[in-house]
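Worksheet: one structure, shown below.
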Protein chains: 2
Amino acid sequence: MTPTESAPLTTDFFDPDCPVRTIPVLGGRKWAWKIMRCLEGGPRRFSELRVPLVGITAKVLAESLRAMESEGAVVRTEYDEHPPRVEYALTPLGRTLLGPMDAVCAWSRQNLAGLLEAREAYERDEAGRAVGAR
Amino acid sequence: MTPTESAPLTTDFFDPDCPVRTIPVLGGRKWAWKIMRCLEGGPRRFSELRVPLVGITAKVLAESLRAMESEGAVVRTEYDEHPPRVEYALTPLGRTLLGPMDAVCAWSRQNLAGLLEAREAYERDEAGRAVGAR
DNA sequence: CTGTATCCTGAAAGATACTG
DNA sequence: CAGTATCTTTCAGGATACAG
């Protein structure tokens, strides 16, 4: 129910009109995976997040958190204190994403050696090709 | 074993010196998820891939395939024919990535309604805030 | 058919300075 | 503390033309 519009409700990634154009929450955002990981253990303050996220700027962190909030994966709670305190946490929805993420992360960890080897082999072949083409 | 260098061999995504800077194969590439899906059923020719990948240009497809090849997820096979024929296929390594991908895709599919709802709610609140701030 | 070679655009990210 | 405001950079992606 709640038929607001004729929303197709598809996740067919091959449909150019898919309402979720790329992978939700994680797609097209460099820091999203790491931010999810940082919130895994419980609510964190803005400045707490900046510590493990080495190199992120306040601007990018704020933008990322807002985007993830808009997708329902993160909730922002502002406390009326001085100095101000704001906490970010995973929503129940966001938390359900941790499992699928783990699958990909585990794969990366387990196959890192193979990935590095592939890269080396590829670069070796590239060099060989370049020499052969002389 | 095989101590080629002092390679840290870590997939700690919080390490800025991690040899695999973003999520391997899938990270930072708009079409990688879809390309993986297109190769799932077996080897495909370049022009075959362009059909389901609506909107991709030859340049971007070639770049993506080369990158995924360099990471060992895809193998390129060139047949010496006229007109030329080239086939792309998943490597055994690439194939092991399909499972983890499925987990994320299933999550997207199952939570699409919640994601759309969250987005609507977020935009409603934004509008409310804008009015309230008048 | 399977690309490459250019050139261009746009969106995300980064640097820096400043504010409630 | 928790951001916002600008400006600049970067680079994946796109358009078009051409080549083996």
Side-chain angles (χ1 to χ4, degrees), chain A residues 13 16 21-35 38-39 43-71 74-89 125-126 129-130 132-133, chain B residues 13 16 21-36 38-39 43-71 74-89 126 129-130 132-133:
Chain A
F13 293 121
R21 298 186 29 176
T22 146
I23 307 297
V25 183
L26 300 176
R29 259 185 290 280
K30 179 176 175 181
W31 296 92
W33 290 74
K34 292 183 180 181
I35 292 172
C38 289
L39 294 174
R44 296 282 182 267
R45 304 182 60 167
F46 190 85
S47 49
E48 281 178 320
L49 288 171
R50 298 195 62 181
V51 177
L53 298 171
V54 182
I56 200 172
T57 61
K59 179 203 166 202
V60 170
L61 178 54
E63 282 172 355
S64 301
L65 286 167
R66 292 237 185 271
M68 294 164 78
E69 192 193 351
S70 83
E71 287 173 304
V74 165
V75 60
R76 177 183 185 275
T77 311
E78 195 173 346
Y79 298 92
D80 201 3
E81 302 177 0
H82 291 274
R85 183 163 66 100
V86 179
E87 278 189 349
Y88 295 90
D125 285 7
E126 254 187 341
R129 245 179 277 143
Chain B
F13 293 121
R21 297 185 29 175
T22 148
I23 308 296
V25 183
L26 300 175
R29 254 183 293 280
K30 181 178 176 181
W31 297 92
W33 289 75
K34 293 183 179 180
I35 292 172
M36 291 289 295
C38 290
L39 294 176
R44 296 282 181 263
R45 302 183 60 169
F46 191 84
S47 49
E48 280 178 320
L49 288 170
R50 297 194 64 179
V51 177
L53 298 170
V54 182
I56 200 172
T57 60
K59 177 202 167 202
V60 170
L61 178 55
E63 283 173 354
S64 302
L65 287 168
R66 293 241 184 266
M68 294 164 76
E69 192 192 351
S70 84
E71 287 172 305
V74 165
V75 60
R76 178 182 185 276
T77 310
E78 196 174 346
Y79 297 91
D80 200 4
E81 302 177 0
H82 289 276
R85 184 165 64 100
V86 179
E87 278 189 350
Y88 295 90
E126 254 187 341
R129 245 179 277 142

message: So if I take every side-chain heavy atom of A/Ala58 and compare against D/dT4, D/dG13, C/dT2, which nucleotide ends up nearest?
response: D/dT4
message: Without decimals, in angstroms, what is the distance between A/Lys30 NZ and D/dT10 P?
response: 12 Å
task: Can you tell me the distance, in whole Å, between the CH2 atom of A/Trp31 and the C1' atom of C/dG14?
output: 10 Å
message: Of the listed nucleotides (D/dG14, C/dG14, D/dG3), which one gets closest to any side-chain atom of B/Val60?
response: D/dG14
- request: Take the protein atom CH2 of B/Trp33 and the nucleotide atom C1' of D/dG13, then report the distance between them rounded to whole Å.
  value: 20 Å
message: Need to verify one output field. Residue with the more 5' nearest nucleotide on DNA chain C, A/Thr57 or B/Ser47?
response: B/Ser47
query: Rounded to the nearest 0.5 Å, how far apart are CE of A/Met68 and CG of A/Leu26?
result: 7.0 Å
- request: Let me know the distance between CZ of B/Phe46 and C1' of C/dC1, rounded to the nearest Å.
  value: 10 Å
- request: For B/Tyr79, answer base if it contacts any base atom (sugar-phosphate contacts may also be present), sugar-phosphate if it contacts only those atoms, and nothing otherwise; contact means non-hydrogen atoms under 4.0 Å.
  value: nothing
- prompt: Between D/dG3, D/dA2, C/dT4, which nucleotide gets closest to the side-chain atoms of A/Pro84?
  reply: D/dA2
task: For B/Glu87 and C/dC1, give me the distance from atom CD to atom P, rounded to whole Å.
output: 14 Å
field: Terminal axis angle for the helix from C/dC1-D/dG20 to C/dG20-D/dC1, five pairs an end, nearest 10 degrees
entry: 50°
query: Contact class for A/Arg76 vs. all strands (heavy atom < 4.0 Å): base, sugar-phosphate, or nothing?
result: sugar-phosphate
task: Start with the C-alpha distance between B/Leu39 and B/Leu49, add both sets of side-chain angles, then the distance that settles side chain to side chain contact (heavy atoms under 4.5 Å, CB included), and finish with yes or no.
output: CA-CA 8 Å; B/Leu39 294 176; B/Leu49 288 170; 3.8 Å; yes
field: B/Tyr88 vs B/Ile35 side-chain heavy atoms within contact, under 4.5 Å
entry: no
query: Can you tell me how far C1' of C/dT4 sits from CG of B/Leu65, to the nearest Å?
result: 15 Å
statement: Closest heavy-atom pair, B/Glu87 versus B/Pro43, reported as atoms and distance to 0.1 Å, is OE1-CB, 3.6 Å
query: B/Arg50 has an atom CZ; how far is it from atom C1' of D/dG14, in whole Å?
result: 12 Å
message: Pick the closest DNA chain D nucleotide for B/Gly55 and for A/Glu63 by heavy atoms, then say which residue is nearer the 5' end.
response: A/Glu63
Taking distance alone, no hydrogens or angles, what donor-acceptor pairs closer than 3.5 Å link side-chain atoms of residues 51-64 of chain A to residues at least two apart or in another chain?
unit_1	atom_1	unit_2	atom_2	d
A/Thr57	OG1	A/Val60	N	3.3
A/Ser64	OG	A/Val60	O	2.8

task: Please examine the side chains of B/Met36 and B/Val25, heavy atoms only from C-beta on, and report whether any two atoms are closer than 4.5 Å.
output: yes
field: Value in whole Å for how far the P atom of D/dA2 lies from CZ of A/Arg44
entry: 13 Å
- prompt: Can you find a donor-acceptor N/O pair under 3.5 angstrom joining the side chain of A/Lys59 to the base of D/dG3?
  reply: no
